[in-house]
Amino acid sequence: MRTKMKIALSAAIAMGLGLANTATAFEPGDWLVRAGASYVNPASDNSDIVSVESASSFTINFTYMMTDVWAIEVLAAYPFKHDIELLDGTKVGSTKHLPPTVSLQYHFRPTEKFQPYVGIGLNYTTFFSEKTTGPLEGTDLKLGDSWGLGGEIGFDVMFNDDWFFNANARYLDIDTKAKLDGNSLGKVNIDPWVFGGHIGFRFK
């Protein structure tokens, strides 16, 4: 999955670099709405006991251009559902999470069709609908909410003055405290990379 994503990002970058510089620049006061899908790939060493697996879901983000280069972005999503496994691969549960993130972005080439940007912000992740199965079926699993920093890189490729393609990669600092029947399982370091592809529209 990660290889396919890298190929798609490389192709989009090449396409963007080859486009003529005829797009209208994003301007202060513009709203950018991007809708598509994202793939969440947690760190492989989540904890000494369990591992949180990868997941995909619908994502949408809203960006407000404060100037032609500085913007504020809010990331929202349909809940991601993750399987939870023991280190030997045995599935023992599942959980859902929402990772709203607010980021400050800098756009490097606001007057061109290929517009890369970077961002840094604050992530809040809430876990819910925890379920257990297999060896842990019938027990009560709880995952605590998380606050952490988030960084992103991405680019927009303009189709015309208003419609564009977007791709981005994020790193989110997500740590949760896991409990089973009220007993601590310790901290689970999820810390995922998130890869997204979206179609965007600019509201002037």
Side-chain angles (χ1 to χ4, degrees), residues 1-42 55-80 97-125 146-174 191-204:
M1 181 67 180
R2 295 182 68 179
T3 300
K4 292 181 180 179
M5 181 67 71
K6 289 178 181 178
I7 293 173
L9 292 176
S10 298
I13 291 173
M15 178 181 69
L17 291 174
L19 293 173
N21 180 17
T22 58
T24 300
F26 293 153
E27 299 175 350
D30 285 351
W31 282 94
L32 313 177
V33 179
R34 306 177 178 94
S38 293
Y39 171 72
V40 175
N41 185 32
S56 299
S57 188
F58 170 80
T59 48
I60 186 169
N61 61 68
F62 306 90
T63 300
Y64 177 72
M65 299 299 300
M66 299 181 293
T67 71
D68 58 343
V69 294
W70 290 102
I72 292 290
E73 178 204 58
V74 177
L75 168 68
Y78 187 80
F80 289 86
H97 89 273
L98 285 172
T101 305
V102 178
S103 300
L104 176 66
Q105 294 180 337
Y106 181 80
H107 293 246
F108 293 95
R109 306 169 67 188
T111 62
E112 302 186 25
K113 281 199 170 184
F114 177 70
Q115 301 189 18
Y117 62 86
V118 296
I120 187 170
L122 181 65
N123 166 261
Y124 169 71
T125 297
S146 168
W147 289 91
L149 294 177
E152 65 172 323
I153 58 173
F155 60 84
D156 298 314
V157 179
M158 306 301 296
F159 298 136
N160 53 42
D161 288 349
D162 297 319
W163 290 96
F164 55 93
F165 169 78
N166 169 262
N168 59 57
R170 304 172 187 267
Y171 179 80
L172 301 178
D173 178 21
I174 301 177
D191 298 340
W193 281 96
V194 182
F195 303 97
H198 306 82
I199 296 296
F201 184 79
R202 174 174 68 162
F203 292 90
K204 302 176 184 179

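Note that these values count all heavy atoms, side chains included, but never hydrogens, waters or copies made by symmetry. What you are looking at is a predicted structure, and each value in this text was computed from that prediction instead of being measured.
From F201, atom CZ reaches atom CG of L32 across 10.5 Å, with rounding to the nearest 0.5 Å. From L122, atom CG reaches atom OG of S103 across 9.0 Å, with rounding to the nearest 0.5 Å. Expressed to the nearest 0.5 Å, how far CG of L104 lies from CD1 of I120 amounts to 9.0 Å.
Among all heavy-atom pairs drawn from S38 and G196, the shortest one is OG-CA, 3.6 Å. Annotation for G150 and L172: closest pair CA-CD2, 3.8 Å, computed over non-hydrogen atoms. The two residues A71 and H107 make their nearest non-hydrogen contact at CB-NE2, 4.0 Å. For the pair T101 and P99, the tightest heavy-atom approach, listed with the atom from each and the gap, is OG1-O, 3.0 Å. Taking both residues in full, the closest heavy atoms of T59 and F80 are given as CG2-CZ, 3.8 Å, listed atom of the first, atom of the second, then distance. Taking all atoms of both residues into account, the shortest heavy-atom contact from G36 to F58 is O-CD1, 3.1 Å.
Checked by atom type, the side-chain pair N160/D162 shows no donor-acceptor distance below 3.5 Å. Side-chain contact, T125 with N123: a donor N or O sits under 3.5 Å from an acceptor N or O.
The shortest side-chain heavy-atom distance between E112 and M158 does not fall under the 4.5 Å cut-off. Within the 4.5 Å cutoff, no side-chain heavy atoms of P28 are placed close to those of M65. Annotation: side chain of D191 is not in contact with side chain of P42 (no heavy-atom distance under 4.5 Å). The side-chain heavy atoms of F165 and D156, taken from C-beta on, include no pair separated by under 4.5 Å. Within the 4.5 Å cutoff, the side chain of R34 has no heavy atoms near those of the I199 side chain. With a 4.5 Å cut-off on side-chain heavy atoms, M66 and I72 count as touching. The shortest distance between side-chain heavy atoms of V118 and E152 does not fall below 4.5 Å. Under the 4.5 Å side-chain criterion, counting only non-hydrogen atoms from C-beta, P79 is in contact with L98.
Using a distance-only test at 3.5 Å, with no hydrogens or angles considered, a donor-acceptor pair links the side chain of S57 to the main chain of Y78. A side-chain donor-acceptor contact under 3.5 Å links T67 to the backbone of V69.
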| said: Pair Y117, I153 - check side chain to side chain contact (heavy atoms under 4.5 Å, CB included), show working. | reply: CA-CA 6 Å; Y117 62 86; I153 58 173; over 6 Å; no

Inset, instruction - Show your working on side chain to side chain contact (heavy atoms under 4.5 Å, CB included) between V102 and V74 and close with a plain yes or no. - result: CA-CA 5 Å; V102 178; V74 177; 4.2 Å; yes

List the steps, then state whether side chain to side chain contact (heavy atoms under 4.5 Å, CB included) holds for D68 with F26.
-> CA-CA 6 Å; D68 58 343; F26 293 153; over 6 Å; no

**Report entry** Derivation and outcome, side chain to side chain contact (heavy atoms under 4.5 Å, CB included), residues R170 and L75
**Finding:** CA-CA 11 Å; R170 304 172 187 267; L75 168 68; 3.8 Å; yes

Ring pair (Phe, Tyr, Trp, His ring centres under 6.0 Å) between F62 and F203: does it pass, once the steps are laid out? CA-CA 11 Å; F62 306 90; F203 292 90; 9.4 Å; no

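Taking a cutoff of 4.0 Å between a charged side-chain nitrogen and a carboxylate oxygen, D30 and R202 qualify as a salt bridge.
Under the 30°/60° scheme for interplanar angles, the aromatic rings of F195 and W193 are found to lie parallel.
Here F114 and F155 bring their ring centres to under 6.0 angstrom of each other. The aromatic ring centroids of W70 and Y106 lie less than 6.0 Å from each other.
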